[in-house]
Amino acid sequence: MLDKRFILENLKAVQENCDRRGVKVDVARFVDLESQRRKLQTEVEELSRQANLVSKSIGQAKDDAERNARKDEGRRLREKKEEIEEQMQRLAAEAAVIHSAMPNMTHPEAPVGGEDASKELRHGRVDVRPFGFPVQDHVALAEQHDLIDFEGGARVAGHGFYFLKNEAAILELALQQYAVDFLVREGFTPMVTPDLARGDVLKGIGFIPRGPETQIYSIENHDLNLVATAEITLGGLYAGQVIEAEKLPIKLCGISHCFRTEAGAAGRASRGLYRVHQFTKVEMFAFTLPDQSEDMHNYLRDLECEIFDGLGIPYRVLDIATGDLGGPAYRKFDLEAWMPGRGTAGEYGEVTSASNCTDYQSRRLDIRYKVKGEKGTQLVHTLNGTAVAISRALIAVLENYQQADGSILIPEALRKWVGKERIGGNGR
RNA sequence: GGUUGGGUGGCCGAGUGGUUUAAGGCACCGGUCUUGAAAACCGGCGUGGCGGAAACGUCACCGGGGGUUCGAAUCCCUCCCCAACCGCCA
């Protein structure tokens, strides 16, 4: 959520921001409703003040007649107040709908435009090179080496689910180990998080559970939902808390399963593991002081680069355009890894993203910090970034490390956890 | 799933209809004392909205919502959450 006062004082800038981000919101209408509501609020407060005076005077009434007269007066004031409060609530309800639709403000350097306007910032350490033999996609490779059972997944849970088998199962664990090991050395606190969370936590982070457009699986008869990312639980961890400023920044690394209905996403370039209903992810999350968040954002992006450099996978970094930002993000960087088997001649596919959500999430979740010796509390900034989304990373590993003989090398960095250097060929 | 007890300021915690203007403590801030620090003592100290240049004024807030009343942290209804124990269970 944006700060209401900020919206009132910056109507034009907020409207322009919504337009740039392709969100249809009538900011002027919100300002109008909110101004009216505030006027009524003042009236209500004046009536409350009078009613309080009447209440206090009752003890001093000299007889029953006077006492009763004052009670009548008090009742009259209360009824009038309730009437105005009702109007106020109608205004507030309409304003709240507009308010919650407003996206975060945007970093001034974020490229303006739709998806195609996203700007490439740089490439990874490893170059994309021709293979010199016909490449296979990860589905074919997995079939050849008996690594993934899509049919079995479908039988048990439907399309979009799968069993990882053999080296793929080991690689899932190895990728987690690799990412967590790396992040712990960077000072992140490792956490295995709940895979379910309450509706309020989802909403605070910016997900909409149980709507017609929802991407979230919900549990029947409970206010619980399967999380789409550990961002939800890590952000929710500090909901309603006040953090001492000297403890910031807090850097957390969460391991969770992620569940997404992917409603409406069928039929696109989503073969095999690319777009699935469940996957495992190692997520980075940070709480910072407001003036730390931009540096933290760059840091998270650079860590993502280091992780993929370490795996030896080519990638590019995108500064995501305004029209393609989610609601809470002030700025977002994506890493797209080279997937040689994707499309007709290989394509980049999104593998991580890092967002600076400034105070947009913390305002709704009520996460504040307090500076020792200073009065009051302020909202923290929150950031999140993918360390490794296993399913997509697996695609990149399998496809980039395939060899002319059909075998697949294990990336050097993962060998100590996989315990071998090659799938197929001489290795098996 | 069952039973019981709980939810009050940054934290702990008192408080069963009107000096609650939310006691007291911790933490924090200022001061006295001290070479310095600690301790002790004195004073200050919740959050948010609105008005105001400010001093200040005013309203709201005791898990959420609703109700009773001139007046609710306190009484009633309802929902949520937390803890402990029991049952079941990897």
Side-chain angles (χ1 to χ4, degrees), chain A residues 1-10 30-93 95-96 99-100 192 194-204 209-210 218-225 232-233 235-248 250 257 287 289 359 362-380:
Chain A
M1 286 193 298
L2 291 178
D3 181 39
K4 279 190 198 174
R5 191 193 297 182
F6 176 84
I7 301 167
L8 293 184
E9 289 169 359
N10 299 278
F30 174 83
V31 170
D32 189 39
L33 288 166
E34 180 63 11
S35 308
Q36 286 183 53
R37 191 195 65 79
R38 288 193 172 190
K39 226 158 89 191
L40 294 182
Q41 176 88 32
T42 310
E43 287 179 39
V44 166
E45 284 175 9
E46 176 56 24
L47 289 169
S48 293
R49 199 181 65 81
Q50 290 174 21
N52 287 344
L53 289 176
V54 169
S55 294
K56 281 176 188 161
S57 77
I58 280 180
Q60 289 138 34
K62 17 179 218 303
D63 54 35
D64 280 357
E66 190 178 338
R67 213 182 330 270
N68 287 332
R70 289 186 184 174
K71 284 188 183 181
D72 287 346
E73 173 68 1
R75 193 177 299 118
R76 192 184 65 77
L77 287 167
R78 191 189 68 206
E79 281 163 5
K80 196 165 169 195
K81 190 180 89 174
E82 283 170 353
E83 203 175 294
I84 298 175
E85 276 177 335
E86 208 172 299
Q87 292 177 42
M88 226 172 78
Q89 274 172 16
R90 275 199 299 276
L91 294 172
H99 190 194
S100 67
V192 176
D195 284 342
L196 282 78
R198 296 200 171 92
D200 279 347
V201 177
L202 288 263
K203 286 183 214 150
R210 297 178 201 262
S218 296
I219 307 295
E220 199 178 2
N221 299 328
H222 296 268
D223 179 29
L224 283 172
N225 311 272
I232 291 167
T233 42
L237 181 61
Y238 281 90
Q241 303 285 301
V242 177
I243 304 168
E244 290 168 39
E246 64 237 47
K247 291 195 175 145
L248 295 171
I250 293 172
H257 293 116
F287 301 91
L289 297 171
D359 59 6
S362 58
R363 182 169 294 109
R364 190 154 29 192
L365 289 168
D366 190 28
I367 307 176
R368 302 172 162 273
Y369 69 90
K370 183 171 172 57
V371 179
K372 214 178 214 174
E374 282 182 19
K375 277 185 81 169
T377 56
Q378 305 292 324
L379 294 167
V380 303

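Predicted, not measured: the structure shown is a model, and the values here were computed from it. A, B, ... follow the sequence lines: proteins, then strands. Residue 1 opens every chain.
To the nearest whole angstrom, the two C1' atoms, one in B/C45 and one in B/A22, are 15 Å apart. Spacing of P atoms, B/G7 relative to B/C62, comes out at 14 Å, to the nearest Å. Comparing the same atom, P, in B/U58 and in B/G64 gives a spacing of 25 Å after rounding to whole Å. Rounded to the nearest Å, the gap between the C1' atom of B/U19 and that of B/U32 is 33 Å. Comparing the same atom, C1', in B/G65 and in B/G15 gives a spacing of 24 Å after rounding to whole Å. For the C1' atom pair drawn from B/C50 and B/C70, the interatomic distance equals 25 Å after rounding to whole Å. Comparing B/U16 with B/U74, their P atoms are spaced 12 Å from each other, to the whole Å. Comparing B/G9 with B/G63, their P atoms sit 8 Å apart, to the nearest whole Å.
In this structure, B/A40 forms a base pair with B/U32, meeting either the Watson-Crick or the G-U wobble geometry with both donor-acceptor distances under 3.5 Å. Of the nucleotides present, none pairs with B/U68 by Watson-Crick or G-U wobble criteria with both distances under 3.5 Å. Nucleotide B/G1: paired with B/C86 (Watson-Crick or G-U wobble, both distances less than 3.5 Å). Across the strands present, B/G24 finds its partner in B/C12; the criterion is a Watson-Crick or G-U wobble pair with both atom distances under 3.5 angstrom. Across all strands shown, the partner of B/G57 is B/C50, judged by Watson-Crick or G-U wobble contacts whose two distances both fall under 3.5 Å.
Looking at A/Leu365 and A/Tyr238, their side chains never come closer than 4.5 Å, going by heavy atoms from C-beta outward. Using a 4.5 Å cut-off on side-chain heavy atoms (C-beta onward), A/Leu202 and A/Asp200 make no contact.
Between the A/Arg37 side chain and the A/Leu91 main chain, no donor and acceptor come within less than 3.5 Å of each other. At distances below 3.5 Å, at least one donor-acceptor pair connects side-chain atoms of A/Arg364 with backbone N or O atoms of A/Lys203.
When each of A/Arg70 and A/Gln89 is assigned the nucleotide of RNA chain B with its nearest heavy atom, A/Gln89 is the one assigned upstream, toward the 5' end. Comparing A/Lys56 and A/Glu46, the nucleotide of RNA chain B nearest to each residue sits closer to the 5' end for A/Lys56.
A/Arg368 comes within contact range of no nucleotide atom at all, as no heavy-atom separation falls under 4.0 Å. Here A/Asp72 lies out of heavy-atom contact (under 4.0 Å) with every strand.
Among B/G66, B/C59, B/G71, the nucleotide with an atom closest to any side-chain atom of A/Arg49 is B/C59. You'll find that the side chain of A/Arg78 is closest to B/G71, out of B/G66, B/G71, B/G49. The A/Ser48 side chain lies nearest to B/C59 when the options are B/C59, B/G66, B/G49.
Only one option out of A/Gln41, A/Glu43, A/Arg49 pairs with A/Glu45 in a side chain to side chain contact (heavy atoms under 4.5 Å, CB included); it is A/Gln41.
An OP1 or OP2 oxygen of B/A60 is reached within less than 4.0 angstrom by a side-chain nitrogen or oxygen of A/Asn52. Between A/Arg75 and the phosphate of B/C70, there is a side-chain N or O to OP1/OP2 separation shorter than 4.0 Å. Distances shown here put a side-chain N or O of A/Arg198 below 4.0 Å from the OP1 or OP2 atom of B/C82. Note on A/Asn68: every side-chain N or O is 4.0 Å or more away from OP1 and OP2 of B/C70. At least one side-chain nitrogen or oxygen of A/Arg5 sits closer than 4.0 Å to the OP1 or OP2 atom of B/C50.
Residue A/Leu379 comes nearest to A/Asp359 through the heavy atom pair CB-CB, 4.0 Å, listed as atom of the first residue, atom of the second, then distance.
One can find a donor-acceptor pair under 3.5 Å joining the base of B/G49 and the side-chain atoms of A/Glu45.
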